[in-house]
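See structure below.
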Amino acid sequence: MSTYTIDTATSRATPTPAPMKRLTAPAILARKGGEPIVALTAYTMRMAQLLDPHCDLLLVGDSLGQVIYGLPSTIPVSLEMMSAHAAAVVRGSWHALVAVDMPFGSYEESPMLAFRNAARLLKETGAAAVKLEGGEAMAETIAFLVARGIPVVGHVGLTPQAVNALGGYRARGRDDAEADKILADARAVAEAGCFALVLEGVMEEIAVEATRAVPCPTIGIGASARCDGQILVTEDMMGLFERTPRFVKKYGDLASEIGAAASAYAEEVRRRAFPTEDQTYRARPDSPAGT
Ligand code: KIV
């Protein structure tokens with residue numbers, strides 16, 4: 001169990017501004033064909049605070065498996081991990097809708113299992129929606145959740161939880177059969193009631209056609225500028241990693257900045273230039289150090 005808001009007496013970060021009305025699933029749905037939806041991933045309270053003023057949707061993606069935990073894929077990610085990080089992101093945000101990924105194995109078995117686990121995520125974190133991967137095979141589950149009050153974001157095309165079945169992370173839809181299947185998947189999950197649909201790693205024509213075909217907004221990642229919105233993994237677009245997929249544009253160079261700061265710190269510690277007087281406590285300000 002966790003609280004949904006920051007304890008302003010104990011938090012290190014600036015408290016979030018006075019609570020305001022968050023974007024809701026119906027508000028995101030209403031953006032179909034309108035102002036593009038800005039979405040990014042977030043896994044921590046502080047990153048959520050920094051991103052929230054700029055975003056409509058923050059996704060606590062199971063990509064945290066690789067980004068935060070150094071895992072080889074999203075397969076080992078657990079409900080407990082998703083719950084802890086989603087609660088932190090809710091505490092650090094006040095405006096964006098927070099959606100949380102259902103991890104591999106937590107929803108595929110049956111609609112009932114999916115409901116139990118989705119309800120747990122929403123109760124424990126304060127997030128307003130879940131995202132789950134899969135097309136036609138997941139339509140019944142999505143309809144089951146939506147009918148019981150759980151807003152769902154769909155995710156078709158390149159679905160990283162299926163890496164073992166797909167044989168890698170190549171963009172999808174290069175031949176007609178695969179393109180038709182992705183379009184059928186998009187239609188099926190939209191019909192089942194998703195309020196938004198992530199299209200990942202697909203040929204541009206498929207993204208454009210799917211965006212035309214479904215009534216909910218599409219959110220592209222490696223898809224097309226003509227989707228109804230875009231999402232990227234924040235650490236990828238901030239330049240924290242050297243190796244990123246081709247569809248990532250780097251808007252920052254965090255890796256270099258962190259390296260430079262760590263190097264400056266190490267150099268000052270080694271020549272005893274840090275801490276200085278400014279960072280040192282003394283009971284008697286005029287007492288010489290070491291007495
Ligand atoms: O897990 C994730 O971060 C995602 C987005 C990249 C869409 O699913």
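Model, not experiment: these values are computed from the prediction. Note that ligands are numbered from 1 as they come in the structure, with each ligand's atoms numbered from 1 the same way.
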Exercise for the section: Check step by step if side chain to side chain donor-acceptor pair (under 3.5 Å) holds for Y43 and T234. Expected result: CA-CA 9 Å; Y43 318 118; T234 297; over 6 Å; no
Handout entry: ligand 1 contact by H155, heavy-atom criterion under 4.0 angstrom
Key = yes
Practice task
For the residue pair Q161 and T74, confirm or rule out a side-chain donor-acceptor distance under 3.5 Å.
Solution key: no
Exercise for the section: Could you tell me whether R272 sits above the aromatic face of F274, with NZ or CZ closer than 6.0 angstrom to the six-membered ring centre and within 45 degrees of the axis? Expected result: no
Exercise for the section: Could you tell me whether K131 and ligand 1 have an N or O pair separated by under 3.5 Å? Expected result: yes
Problem - E268 atom CD, over 12 foreign heavy atoms within 6.0 Å - result: yes
Exercise for the section: Report yes if D62 has an N/O atom closer than 3.5 Å to an N/O atom of ligand 1; otherwise report no. Expected result: yes
Fill in the blank from the handout: I221 heavy atoms within 4.0 Å reach ligand 1 at atoms 6 (C)
Problem - Under-4.0 Å salt bridge between R31 and D56 - result: yes
Exercise for the section: Report the part of L232 (side chain from C-beta onward, or backbone N, CA, C, O) that has a heavy atom under 4.0 Å from ligand 1; answer both or neither where that applies. Expected result: neither
Handout entry: Geometric N/O contact T41 with ligand 1, under 3.5 angstrom
Key = no
Practice task
For atom 2 (C) of ligand 1, grab the closest protein heavy atom and report residue, atom and distance to one decimal in Å.
Solution key: S63 OG, 3.3 Å
Exercise for the section: Determine, for E80 against R120, whether the closest basic-nitrogen to carboxylate-oxygen distance falls under 4.0 angstrom. Expected result: yes
Handout entry: Element-labelled atoms of ligand 1 that are located less than 4.0 Å from some non-hydrogen atom of D101
Key = 1 (O), 2 (C), 8 (O)
Problem - Ligand-residue contact atoms, ligand 1 with G61, heavy atoms, under 4.0 Å - result: 1 (O), 2 (C), 3 (O)
Handout entry: Any donor-acceptor N or O pair under 3.5 Å, side chains S93, R22
Key = yes
Fill in the blank from the handout: closest protein heavy atom to atom 4 (C) of ligand 1 is L59 CD2, 3.6 Å
